[in-house]
A.B. asks: 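Starting off with a structure, shown below.
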Amino acid sequence: MHDISLRNHKPLVTVAARNADVRPRAAATYKAAVLGAGGGIGQPLSLLLKMSPLLSHLNLYDIANVKGVAADLSHCNTPSLVTPYTGAEELAESLKGVDLIIIPAGVPRKPGMTRDDLFNINAGIVKTLVEAAADYAPKAWINIISNPVNSTVPIAAEVLKKKGVFDPKKLFGVTTLDVVRANTFVAQQKTLRLIDVDVPVVGGHAGITILPLLSKTRPKTEFTQEEIEKLTVRIQNAGTEVVEAKAGAGSATLSMAYAAARFAESCLRAIDGDADVYECTYVKSDVMQELPFFASRVKLGKDGVEAFVHTDIRGLTEYEEKALQALIPELKGSIEKGINFVNKQPAAASV
């Protein structure tokens with residue numbers, strides 16, 4: 001994949017604003033499935049997806065009954081038909097014919113837990129769901145939200161490889177929340193119009209692997225070294241900020257749902273033929289030679305990742321370069337942990 005210019009990059013706007021302004025070239029024609037639709041992220045995410053003018057069908061799947069969620073959403077006067085699917089026996093049907101699969105399933109982070117603490121539970125959940133996706137929707141785009149994303153995306157990739165259907169252009173770790181937070185915090189601190197602010201965030205989706213490139217902020221913004229260090233740490237630890245504020249009652253579900261809906265809509269726009277869709281996302285990548293998976297800005301096209309924006313990690317400040325080098329061993333370890341999880345498991349039969 002070749003490098004590309006940012007001269008045609010549009011400002012990243014809110015889901016609500018975009019839904020108000022979008023004039024799709026055709027009627028709603030695309031189908032999406034949310035796996036884990038009954039959870040803290042799944043419900044608000046499904047509501048935001050129901051607002052998309054590009055969706056004709058929205059399938060809601062969970063191990064617990066999601067009929068009530070589907071009935072509630074079905075009363076919204078937007079194009080998509082909402083259909084519930086409950087339990088392993090209905091998983092296959094929820095995936096047939098879908099263009100986009102979004103996976104927020106899993107347990108949330110609680111006070112004192114790291115994303116790594118979630119691994120043993122969520123790794124197995126993601127593995128099972130992606131196996132089904134490989135069997136029943138092998139050409140669909142897959143958006144992974146389930147933490148730890150640094151490991152669950154490599155897990156998904158290994159599963160798809162074993163099934164013989166891995167397309168690296170169509171598997172995404174949703175790191176959009178890091179960008180959303182970076183944009184929000186910078187706009188607030190610098191009194192900028194939020195719609196104009198765009199901060200690329202590279203690396204991964206946990207702790208020090210989250211690296212906001214504040215030197216690349218648009219519009220061009222000056223920061224003191226103290227501001228850079230404080231903003232970087234806040235963006236990296238923003239999830240913990242929410243977990244602690246909720247005092248055991250949940251994690252960052254609403255902001256994550258918003259960010260996931262924004263990324264999902266970008267995917268749908270790209271599938272629909274929009275030639276100017278850019279997002280930061282954690283994917284199979286050649287941006288960093290040492291890391292097979294890496295989050296960076298990409299250009300999305302009808303067939304998935306069309307190009308990487310290599311220019312984002314060129315000309316970094318000394319602080320950013322040191323932070324980039326520091327995240328490599330941790331991210332590499334998370335990637336290997338995910339790959340090893342699949343390769344040590346017995347092969348699963350088709351669902």
A.B. asks: Ignoring hydrogens and geometry, is there a side-chain-to-backbone donor-acceptor pair from Glu158 to Val153 under 3.5 Å?
C.D. replies: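 Answer holds: no.
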A.B. asks: Output the distance between atom CG (Asn122) and atom CD1 (Ile145), rounded to the nearest 0.5 Å.
C.D. replies: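 With rounding to 0.5 Å, CG (Asn122) is 12.0 Å from CD1 (Ile145).
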A.B. asks: In plain terms, say whether Asp272 and Arg269 are close enough for a salt bridge, that is, a side-chain N and a carboxylate O under 4.0 Å apart.
C.D. replies: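 Result for this pair is no, no salt bridge flagged.
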A.B. asks: Short question: side chain of Asp62, backbone of Gly38 - any donor-acceptor pair under 3.5 Å?
C.D. replies: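 Here the side-chain-to-backbone pair exists.
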A.B. asks: Please report the C-alpha distance between Thr209 and Glu330 in whole Å, then the side-chain angles of each, then the deciding distance to 0.1 Å, and finally whether the side-chain hydrogen bond (donor to acceptor under 3.5 Å, both in side chains) criterion is met.
C.D. replies: CA-CA 7 Å; Thr209 70; Glu330 181 161 334; 5.7 Å; no
A.B. asks: Is the count of non-hydrogen atoms from other residues, nucleotides or ligands lying under 6.0 Å from Glu318 atom CD greater than 12?
C.D. replies: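 Not buried by this count: 12 neighbours or fewer within 6.0 Å.
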A.B. asks: Taking the cut-offs as 6.0 angstrom to the six-membered ring centre and 45 degrees off its axis, would you call Lys299 and Phe308 a cation-pi pair?
C.D. replies: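 Lys299 over Phe308 ring: no.
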A.B. asks: Between Glu241 and Arg234, is there a side-chain N and carboxylate O pair less than 4.0 Å apart?
C.D. replies: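 Yes.
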A.B. asks: Between Arg262 and Glu265, does at least one N-O distance fall below 4.0 Å, as a salt bridge requires?
C.D. replies: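 Salt bridge: no.
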A.B. asks: Please identify each residue that fulfils side chain to side chain contact (heavy atoms under 4.5 Å, CB included) with Thr224, with sequence neighbours left out.
C.D. replies: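 Once residues adjacent in sequence are excluded, the partners of Thr224 under the side chain to side chain contact (heavy atoms under 4.5 Å, CB included) criterion are Glu226, Glu227.
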A.B. asks: Tell me whether Asp303 is salt-bridged to Lys169, with the criterion being a basic N under 4.0 Å from an acidic carboxylate O.
C.D. replies: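 Lys169 and Asp303: not salt-bridged.
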A.B. asks: Assess, by modelled atom type and distance only, whether the side chains of Glu320 and Ser215 contain a donor and an acceptor separated by less than 3.5 Å.
C.D. replies: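 Distance-only check passes for Glu320 and Ser215.
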A.B. asks: How long is the gap from CG on Leu100 to CZ on Phe172, to the nearest 0.5 Å?
C.D. replies: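 Answer rounded to 0.5 Å: 9.0 Å.
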A.B. asks: Determine whether a donor-acceptor pair (N or O, by modelled atom type, separation under 3.5 Å) exists between the side chain of Lys246 and the backbone of Ser251.
C.D. replies: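 Pair found, side chain donor or acceptor close to backbone of Ser251.
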A.B. asks: Is it the case that over 12 heavy atoms from other parts of the model lie below 6.0 angstrom from the CD atom of Gln289?
C.D. replies: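 At most 12 heavy atoms, drawn from other residues, nucleotides or ligands, come within 6.0 Å of this atom.
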A.B. asks: When you measure from the side chain of Lys216 to the backbone of Arg314, do you find a donor-acceptor pair of N or O atoms at a distance under 3.5 Å?
C.D. replies: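 Judged by distance alone, yes, a pair lies under 3.5 Å.
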A.B. asks: Give a yes or no on whether the backbone of Pro219 and the side-chain of Thr221 come within a donor-acceptor separation of less than 3.5 Å.
C.D. replies: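 Side chain of Thr221 to backbone of Pro219, a donor-acceptor pair under 3.5 Å: yes, one is there.
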A.B. asks: Closer than 3.5 angstrom, by distance alone: can the side chain of Ser151 be matched with the main-chain N or O of Ser334 as a donor-acceptor pair?
C.D. replies: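 Answer holds: yes.
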A.B. asks: Assigning hydrophobic clusters by single linkage (Ile, Leu, Val, Met, Phe, Trp, Tyr; side-chain heavy-atom cutoff under 4.5 Å), is Ile208 placed with Leu211?
C.D. replies: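 As far as the 4.5 Å side-chain criterion goes, Leu211 and Ile208 are not connected within one cluster.
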A.B. asks: Please confirm whether the backbone N or O of Ile103 pairs with a side-chain atom of Ser146, one donor and one acceptor, at under 3.5 Å?
C.D. replies: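 Between the backbone of Ile103 and the side chain of Ser146 there is a qualifying donor-acceptor contact (under 3.5 Å).
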A.B. asks: Indicate every side-chain donor-acceptor pair of residues 66-79 with a distance under 3.5 Å to a residue at least two apart or in another chain.
C.D. replies:
{"from": "Ser74", "atom 1": "OG", "to": "Ala70", "atom 2": "O", "distance (Å)": "3.4"}
{"from": "Ser74", "atom 1": "OG", "to": "Ala71", "atom 2": "O", "distance (Å)": "2.7"}
{"from": "His75", "atom 1": "NE2", "to": "Ala71", "atom 2": "O", "distance (Å)": "3.4"}
{"from": "Thr78", "atom 1": "OG1", "to": "Lys50", "atom 2": "O", "distance (Å)": "2.5"}
{"from": "Thr78", "atom 1": "OG1", "to": "Lys50", "atom 2": "NZ", "distance (Å)": "2.6"}

A.B. asks: Under 4.5 Å between side-chain heavy atoms, hopping through other hydrophobics if needed: is there a path connecting Val174 to Leu47?
C.D. replies: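 Linked within one cluster.
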A.B. asks: Check for me, please, whether Leu54 and Leu81 land in the same ILVMFWY cluster - side-chain distances under 4.5 Å, paths through other members count.
C.D. replies: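 Different clusters.
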A.B. asks: In terms of hydrophobic clusters joined by side-chain contacts under 4.5 Å, are Leu254 and Tyr258 together?
C.D. replies: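 No: no chain of side-chain contacts under 4.5 Å links Leu254 to Tyr258.
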A.B. asks: For the atom pair CZ (Phe263) and CG (Leu300), what is the distance rounded to the nearest 0.5 Å?
C.D. replies: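 Phe263 CZ to Leu300 CG: 5.5 Å, rounded to 0.5 Å.
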A.B. asks: Please check: side-chain N/O of Lys190 versus main-chain N/O of Phe185, any donor-acceptor pairing under 3.5 Å?
C.D. replies: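 It does not hold such a pair.
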A.B. asks: Ion pair present between Lys31 and Asp99, side-chain N to carboxylate O less than 4.0 angstrom?
C.D. replies: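 No salt bridge links Lys31 with Asp99.
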A.B. asks: For the atom pair NE2 (His205) and OG1 (Thr152), what is the distance rounded to the nearest 0.5 Å?
C.D. replies: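 Rounded to the nearest 0.5 Å, the NE2-OG1 separation comes to 9.0 Å.
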